[in-house]
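I have placed the structure first, in the form of structure tokens, so that the comments after it can refer back to it.
Naming: A, B, ... by sequence-line order, numbering from 1 per chain.
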2 protein chains.
Amino acid sequence: MNRRVTVRDVAAEAGVSQATASRVLAGNESVDPALARKVQEATRKLGYTANVMARALRTQHTGTIGVVVPSISNPYFISVVEALEGVLAETQRSLILCDARDSPAIEADRIALLLGRMVDGLIVIPVSATDSAEALRSASGQRPVLQFDRYVASAGTDFIGTDNRDGLRQMIEHVRALGCESFAYVGSRATTSTAVERLEAFRALASTPHLSEHWELLGEYNVDWGLEAGRRLLDSGALPDAIICSADLIAVGVLTVLKDAGVRVPDDVKVVSYDDSMMGRITSPTLTSVRQPVEEMAREAIRLLDGGPGQSSARKCIFTPQLIVRESTGAEPE
Amino acid sequence: MNRRVTVRDVAAEAGVSQATASRVLAGNESVDPALARKVQEATRKLGYTANVMARALRTQHTGTIGVVVPSISNPYFISVVEALEGVLAETQRSLILCDARDSPAIEADRIALLLGRMVDGLIVIPVSATDSAEALRSASGQRPVLQFDRYVASAGTDFIGTDNRDGLRQMIEHVRALGCESFAYVGSRATTSTAVERLEAFRALASTPHLSEHWELLGEYNVDWGLEAGRRLLDSGALPDAIICSADLIAVGVLTVLKDAGVRVPDDVKVVSYDDSMMGRITSPTLTSVRQPVEEMAREAIRLLDGGPGQSSARKCIFTPQLIVRESTGAEPE
DNA sequence: TTGAAAGCGCTAACAC
DNA sequence: GTGTTAGCGCTTTCAA
């Protein structure tokens with residue numbers, strides 16, 4: 001646990017000034033090739049790596065962006081992180097990740113942490129449409145901030161998301177085409193923009209004038225809620241023709257309960273879901289699910305972030321998702 | 001995007017020296033209550049938050065530890081991160097997470113990044129038993145470093161892990177008790193300590209003098225490899241009585257292929273796995289899997305890290321895992 | 001091209 | 001109890 005090796009050490013070893021060493025390390029300044037080589041060698045010999053914090057203190061940027069997700073155990077969020085990581089790697093940058101554990105307080109804390117560590121920008125999937133606003137707003141006063149997937153209007157930051165309404169439309173048209181006329185919606189409580197938009201779209205689309213009844217079960221974005229909701233559905237007596245789940249995590253729970261009760265999917269009831277995460281490919285049956293174009297969204301997110309703060313007002317960029325049909329609505333096993 | 005507000009600003013606003021302001025902010029020094037109040041007010045009025053990097057540059061610690069995992073999409077690693085996060089939260093600390101994307105080069109890079117950001121310590125699940133050594137060794141010269149789950153002996157750091165040999169013993173004894181006599185092992189190539197230990201244990205335990213044949217399929221820790229291995233098993237003609245998988249991710253792939261081929265688990269073949277991650281609870285059938293005591297391991301990890309570098313030599317702390325029996329070896333559906 | 005020196009925002013000696 | 005000052009490791013004027 002030796003003292004860190006600093007530019008000063010490198011400079012001494014190479015027999016040049018600190019400034020020269022720094023120039024060589026930066027690469028872009030004009031330095032005598034001979035001296036440059038000496039510095040390179042010293043660097044290698046001493047195993048020098050720059051202290052990012054000290055450098056950042058000076059330059060005000062770090063080549064890292066901070067990412068805060070509501071829950072690290074949601075595979076959809078993980079896929080977002082991986083996509084962002086890929087895009088950043090193209091420009092030699094990296095990301096540091098924090099988990100808000102579904103708590104606005106922890107989220108605010110992590111945002112402050114990242115800001116204090118001088119990330120060049122922040123990408124946040126907000127925990128709450130209301131309680132996340134303040135932290136986002138105050139952060140956006142210091143660094144470019146972009147909301148991803150979920151939108152908090154009052155935060156006043158740029159936003160990348162998808163058309164949840166259209167996603168729901170695709171789900172419902174698909175099962176209607178299969179003959180379904182009654183629907184249950186199993187989603188999360190309306191605490192996020194995605195939850196609100198999906199629920200409203202469901203309400204608008206699920207019932208037509210002359211037919212179909214529908215019902216709604218609202219909880220959280222996790223497997224346990226899916227299990228619970230599945231049980232309630234079963235206890236209520238009659239099942240709908242189709243169960244519309246607002247996330248794969250939830251659908252997984254629902255599917256499990258259905259299976260245990262001997263209900264056959266898709267024969268007895270169809271199940272459609274949202275996210276198209278890895279989970280939906282390992283369940284039995286596999287899940288028909290709405291895929292969001294995560295890679296493209298990630299690329300656009302970094303582009304916006306790099307563009308600095310929105311010129312005048314916050315920019316919104318909405319992508320169109322696409323339904324992927326699998327066994328839970330009757331696709332043949334691959 | 002205003003200029004940051006600094007202690008200097010707060011001090012000026014409160015009409016005291018920078019040092020006094022800093023003392024008040026630190027809290028533990030003795031300061032005239034009247035002045036203290038002024039500083040508090042100025043802080044609030046200006047919306048001051050300390051710059052963690054500047055502070056760290058001075059104090060050499062940050063209240064954050066860095067965690068590097070081989071792959072963020074492996075739910076077992078995610079469970080480790082969540083456990084660590086919980087333990088750190090108890091002492092108002094937090095963690096920043098980096099994904100090595102299964103590459104020793106990226107891993108080295110992330111370790112340097114974290115070190116440059118002055119984390120107080122590093123917990124690493126190494127990507128490779130050989131290629132991760134250098135980065136770990138050099139990091140351990142600067143900060144306390146602890147290896148978790150996988151061990152790189154030459155790195156010379158402390159280690160927290162589980163007894164993989166015993167895990168395998170439990171798996172095999174369990175299926176033997178169920179009458180299985182021939183086994184296939186589907187694991188990852190021997191590039192990590194866990195892969196090596198599990199494979200060796202399998203070899204030592206799977207064949208007894210008078211009966212049973214066995215075979216080995218070695219690939220990666222992911223679902224695709226499980227799919228591939230499952231296909232090979234099927235193509236080879238006869239199936240073993242039991243398939244021993246070295247990770248849930250792999251078992252999930254194997255199970256999928258088996259299901260598609262109409263092979264019944266556990267009737268036709270038993271499947272046992274390792275990790276007891278969430279995945280194993282959503283597959284059909286659910287997976288019998290070896291659970292590692294992640295919470296306790298996390299707590300011990302932080303304890304070791306806090307204890308500073310190993311007094312003399314590297315400390316190793318080995319926990320005992322436990323087999324959880326589920327449907328894939330015949331447990332009744334909950 | 002190179003070096004000396006200032007300063008990013010903060011804390012900790014050391015003086016008063 | 002409070003202020004002055006040095007310096008954490010780095011980059012970047014400004015002179016030479």
Task: Base of D/dG9 paired with side chain of B/Arg58 (donor-acceptor, under 3.5 Å) - done: no

- [ ] State whether A/Arg55 places a side-chain N or O below 4.0 Å from either non-bridging phosphate oxygen (OP1 or OP2) of D/dG9.
- [x] no

- [ ] Go through C/dA13, C/dC10, D/dG9 for me and flag the one nearest to the A/Ala54 side chain.
- [x] D/dG9

Task: Candidate nucleotides C/dA5, C/dC10, C/dT2, ranked by approach to the side chain of A/Ala19 - the nearest - done: C/dA5

TODO: Look at the side-chain N and O atoms of B/Thr6 and state whether any lies under 4.0 Å from the OP1 or OP2 oxygen of C/dG9.
DONE: no

Open item on the list: Using whole Å, what does the distance between atom C1' of nucleotide D/dC8 and atom CE of B/Met53 come to?
Closed with: 13 Å

TODO: Check the distance between D/dG7's P and A/Gln18's CD and give it to me in whole angstrom.
DONE: 13 Å

Task: Among D/dT2, D/dG9, D/dG3, the nucleotide that comes nearest once only the side chain of B/Ser17 is considered - done: D/dG3

TODO: Select one nucleotide: of D/dC10, C/dG3, D/dT11, the one nearest the side-chain heavy atoms of A/Thr59.
DONE: D/dT11

TODO: Quickly work out the B/His61 NE2 to C/dC10 P distance and round it to whole Å.
DONE: 16 Å

Task: Atom pair CZ/CD of B/Phe319 and B/Glu300 - distance to nearest 0.5 Å - done: 5.0 Å

Task: Min side-chain heavy-atom separation A/Leu84-A/Ile302 under 4.5 Å - done: yes

Open item on the list: Any side-chain N or O of A/Ser22 below 4.0 angstrom from OP1/OP2 of D/dC10?
Closed with: no

Open item on the list: Please confirm whether the shortest side-chain N or O distance from B/Thr20 to OP1 or OP2 of D/dG3 is below 4.0 Å.
Closed with: yes

Open item on the list: Counting the atoms with a prime plus P, OP1 and OP2 as sugar-phosphate, which does B/Leu35 contact under 4.0 Å by heavy atoms, base, sugar-phosphate, or nothing?
Closed with: sugar-phosphate

